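Computed from a predicted model, the values in this text were never measured in an experiment. Proteins come first, then strands; the chains are lettered A, B, ... in the order of their sequence lines, and each starts at number 1. Only this structure's heavy atoms are used, side chains among them; waters, hydrogens and symmetry mates stay out.
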Amino acid sequence: MFEKERGDIETRLKEYLAGQNVPFEEDFKWSSIPFAGEWGIATSFFQAAASAARADQKVNVPQRAQELAEGAAKALGMPEGFGRVEAVRGYLNLYFVASRYSQRVVDGVLAEGADFGRGERLNRRIMVEFSQPNTHKALHVGHLRNMMLGAALANILEFAGWDVVRANYIGDFGKDVLKWVWNYRKHHNGEQPPEDVTRWMGDLYAEANANLENDPAGEKEIEALFHRWEAGDEEVVGQWRTTRQWSLDGFNQAYDLMGIRFDRFYYESDFEKSGKEYVEELIRRGIARDERPAGPVIVKIDELLGSETEEYRVLVVLRSDNTALYATWDLVLAQRKFKDYPDLDVSLYVVDVRQSQHFKQVFKTLELAGFEPIKKATHLPYEIVNLPGNITMSSREGTIVLLEDFIREAVSRARQVSEESNPELDEKTRAEVAWAVGLGAIKYPLIARDHTKIATFDWESALDFNGQAAPYIQYAHVRANSILRKLDGDLPPGAPPAHDLDLKEVALIESLAAFPQAVQRGAGEFRTLQITNHAFELAKAFNEFYNACPVLNAEADVRAFRLRLVAAARQVIANALGLLGIQAPPVM
RNA sequence: GCCCUCGUAGCUCAAUGGACAGAGCGAUGGCCUUCUAAGCCAAAGGUUGCAGGUUCGAUUCCUGCCGAGGGCGCCA
């Protein structure tokens with residue numbers, strides 16, 4: 001929030017360095033001042049000292065850095081709005097007059113409201129592809145990590161200033177799907193799904209795998225279904241379409257529940273035909289090698305690159321029996337995205353880490369084929385969710401925690417805690433609270449760790465709502481709201497604080513002011529972690545303030561300032577939770 | 001055999017190359033007659049896997065080793 005102040009000081013620091021004959025071209029890096037418990041900005045002179053050292057050999061860098069910091073402090077004097085300037089161990093620390101800037105932060109937050117933290121529009125477009133559920137299977141906790149990562153990332157990017165396209169790529173075709181249809185025709189023909197559709201779809205998928213193992217004719221029959229589907233056989237296509245829709249309805253229900261929406265849906269089945277045509281083109285152009293019928297159609301990427309290494313290896317783009325596979329579709333989908341959105345600057349794939357090589361291969365193949373825009377494609381690999389004992393969640397093995405079971409348990413747990421801690425609530429409100437808290441609790445931990453870290457799911461910690469968890473943040477929001485509810489009438493007008501600010505007030509204000517940077521950093525690094533961490537730190541700062549600083553009972557001036565501070569804190573907590581797709585309930 | 005991640009407190013995780021490596025959980029001791037205790041406070045807990053290198057400065061970058069996981073011609 002203090003770009004202008006920083007900019008002015010930076011200009012003067014550069015003038016000072018130039019006057020000292022110290023070559024320094026880079027920008028200064030600013031951070032907050034550690035240990036001080038006070039509010040300010042800091043920068044170091046090590047880089048400048050190092051470049052001075054390179055110019056004339058004999059300089060001791062730390063010593064020179066301290067000299068430069070001291071000199072800079074002297075040259076700077078006392079800039080407007082700062083109360084103290086010090087040079088410590090090569091650092092220049094500039095302490096704000098907190099009373100002066102605290103009003104600016106609070107007023108700024110309240111004026112911008114839900115837009116506080118929003119970046120300027122970049123006029124750059126990014127597509128975030130995420131979720132990618134497979135029809136005829138059940139959604140489980142592993143899918144939830146992807147959904148949350150993609151959804152939160154899309155929110156953060158949009159808030160940071162990007163034009164965002166939220167894309168979903170539905171796996172509605174392929175061998176697994178036809179396997180399901182095969183089993184359905186054999187053992188459940190004509191059956192309608194029960195109320196619990198997605199669970200039933202998942203159960204039948206596991207059943208299909210089991211039945212296939214005991215059925216020697218199965219593979220051939222499924223292959224026959226493949227060809228009937230391709231030929232447009234009405235019976236097979238009809239059954240496929242009906243059963244597929246059951247899954248899609250279930251997915252949409254889940255998306256509604258989780259508060260996730262998409263701008264664009266792609267379906268694997270749509271790329272069956274164009275994918276095969278593209279493979280033929282690759283064969284004609286000598287990029288793909290056709291080994292049918294003895295082998296598949298392959299792209300020997302390293303060979304085409306003239307490379308001796310095995311970095312890219314071999315991509316199979318069509319099976320020997322002429323059926324398409326994931327790579328077939330992905331080659332055309334990647335191009336289709338740029339056809340649909342010609343102004344796309346980034347095409348981001350949120351897909352788990354096990355497919356890293358696959359995307360490397362697909363992107364490189366398209367590059368070899370001369371499709372230039374593919375250079376804007378990026379795979380964002382995230383680690384999967386395992387069960388304790390490092391057991392991978394697998395629909396086939398049945399080692400999964402169903403999304404709906406997880407949601408039900410979390411909401412029920414949230415209701416139970418709510419009943420214990422706030423018995424006054426009416427039934428309708430209690431139900432809303434239980435949903436808001438239960439859903440928040442399951443979402444937060446999946447995006448609060450770096451996406452390169454494997455997440456382990458266990459019921460006990462998943463249902464622990466204390467400490468660094470969504471309910472803690474929601475609770476801070478509730479407490480802020482609770483104070484403001486007791487205020488009859490409007491907030492008092494903005495005014496500089498007349499009292500000496502409590503350390504907890506300063507820390508809270510500093511955290512509010514830092515939110516926009518957290519948004520920019522999260523967007524720049526494609527990391528939801530920046531926002532989950534900041535939301536937690538903000539809530540922590542508020543809880544500590546709440547504990548140390550009375551608001552409603554404070555004397556008039558103090559009360560007026562703190563009421564506005566509480567309102568600002570409530571706003572920023574809500575903004576942060578909003579980016580994460582987590583509700584900020586008014587009561588708990 | 002090749003490629004990619006990860007390794008930080010007992011556990012789960014943070015830390016734009018920068019000052020004294022921080023949180024949560026668990027364990028210990030306190031705080032509800034003040035705005036909701038899903039909270040707060042206090043003390044405890046570390047050779048950042050190991051060894052080198054680059055740098056004024058390395059948890060962060062590079063190399064090697066050790067350990068864990070993942071991927072590698074017809075799964076997605």
Side-chain angles (χ1 to χ4, degrees), chain A residues 29-31 33-35 42-44 46-47 49-50 53 59-65 88-91 93 132 134 171 174-176 268 291-292 295-300 309-321 323 325-327 330 351-358 360-361 381 383-384 386 390 392 396 414 417-418 420-422 424 437 441 445 448-450 452-456 461 464-469 471-472 474-476 478-487 517 521 524-525 529 533 536-537 540 543-544 546-554 562 566 587-588:
Chain A
K29 293 178 193 162
W30 296 95
S31 59
I33 305 170
F35 333 117
T43 192
S44 74
F46 293 107
Q47 290 199 10
V59 186
N60 172 311
V61 169
Q63 192 185 327
R64 187 68 194 275
V88 183
R89 301 174 64 182
Y91 288 84
N93 294 334
Q132 306 110 337
N134 293 314
K175 195 172 169 185
D176 280 344
E268 281 178 0
E291 296 183 342
R292 288 172 296 179
V297 181
I298 57 174
V299 179
K300 301 189 102 174
T309 66
E310 295 186 345
E311 191 183 351
Y312 292 96
R313 306 186 74 97
V314 172
L315 178 65
V316 175
V317 294
L318 197 65
R319 291 196 188 91
S320 53
D321 67 357
T323 55
L325 35 70
Y326 195 45
D330 244 339
V351 182
D352 82 59
V353 66
R354 293 171 298 187
Q355 290 184 46
S356 290
Q357 171 150 290
H358 166 79
K360 233 174 121 177
Q361 293 176 321
E383 270 293 355
I384 57 176
N386 280 345
N390 218 21
T392 305
R396 194 170 303 201
V417 178
S418 170
E420 286 162 13
S421 61
N422 194 353
E424 317 284 288
V437 173
R449 54 163 37 66
D450 198 289
T452 58
K453 295 258 167 61
I454 295 172
T456 303
S461 55
D464 182 0
F465 293 175
N466 297 315
Q468 186 163 5
Y472 176 93
Q474 293 171 314
Y475 186 60
V478 163
R479 282 177 142 181
N481 194 56
S482 182
I483 291 174
L484 295 166
R485 201 176 38 229
K486 291 191 168 61
L487 166 73
Q517 283 125 267
R521 206 177 146 196
E525 299 174 354
L529 179 65
N533 278 356
F536 173 70
E537 278 160 24
K540 190 175 159 70
N543 274 330
E544 290 175 13
Y546 179 95
N547 193 255
C549 304
V551 178
L552 294 170
N553 296 330
R562 286 182 178 167
V566 169
V587 292
M588 276 169 74

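- At B/A38, one or more side-chain N or O atoms of A/Tyr475 fall inside 4.0 Å of OP1 or OP2 (strictly under the cut-off).
- Toward the 5' end of RNA chain B, the nearer of the two residues A/Asn547 and A/Asn553, judged by each one's closest nucleotide, is A/Asn553.
- Side-chain N/O atoms of A/Arg319 include one lying less than 4.0 angstrom from OP1 or OP2 on B/C75.
- Taking 4.0 angstrom as the limit, A/Tyr472 places a side-chain polar atom (N or O) nearer than this to OP1 or OP2 of B/C40.
- The side chain of A/Arg89 contributes an N or O atom lying less than 4.0 Å from OP1 or OP2 of B/C20.
- By the 30° and 60° cut-offs, the orientation of the rings of A/Phe46 relative to A/Tyr91 is perpendicular.
- Look at A/Lys540 and you'll find a side-chain N or O under 4.0 angstrom from OP1 or OP2 of B/G24.
- A/Asn466 has a side-chain polar atom (N or O) that falls below the 4.0 Å cut-off from OP1 or OP2 of B/G39.
- Contact check, A/Arg449 against B/C13: a side-chain N or O comes under 4.0 Å of OP1 or OP2.
- A glycosidic torsion no more than 90° from 0 defines the syn conformation; B/C25 lies beyond that range and is anti.
- In this structure, A/Lys540 forms no cation-pi arrangement with A/Tyr472, as its terminal cationic atom is not both closer than 6.0 Å to the ring centre and no more than 45° off the ring axis.
- Applying the 4.0 Å criterion to OP1 and OP2 of B/G71, one finds that A/Lys360 has every side-chain N and O outside that range.
- Contact annotation: A/Arg479 reaches the phosphate of B/A37 (side-chain N/O to OP1 or OP2, under 4.0 Å).
- Applying the 3.5 Å distance criterion, the base of B/C6 shares no donor-acceptor pair with the side chain of A/Thr452.
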### Query
Where does RNA chain B pair, written as one dot-bracket string 5' to 3', with Watson-Crick or G-U pairs under 3.5 Å, ( ) inside the strand, [ ] for crossing pairs and | for another strand?
(((((((..((((....[...))))..((((.......))))......(((((..]....))))))))))))....

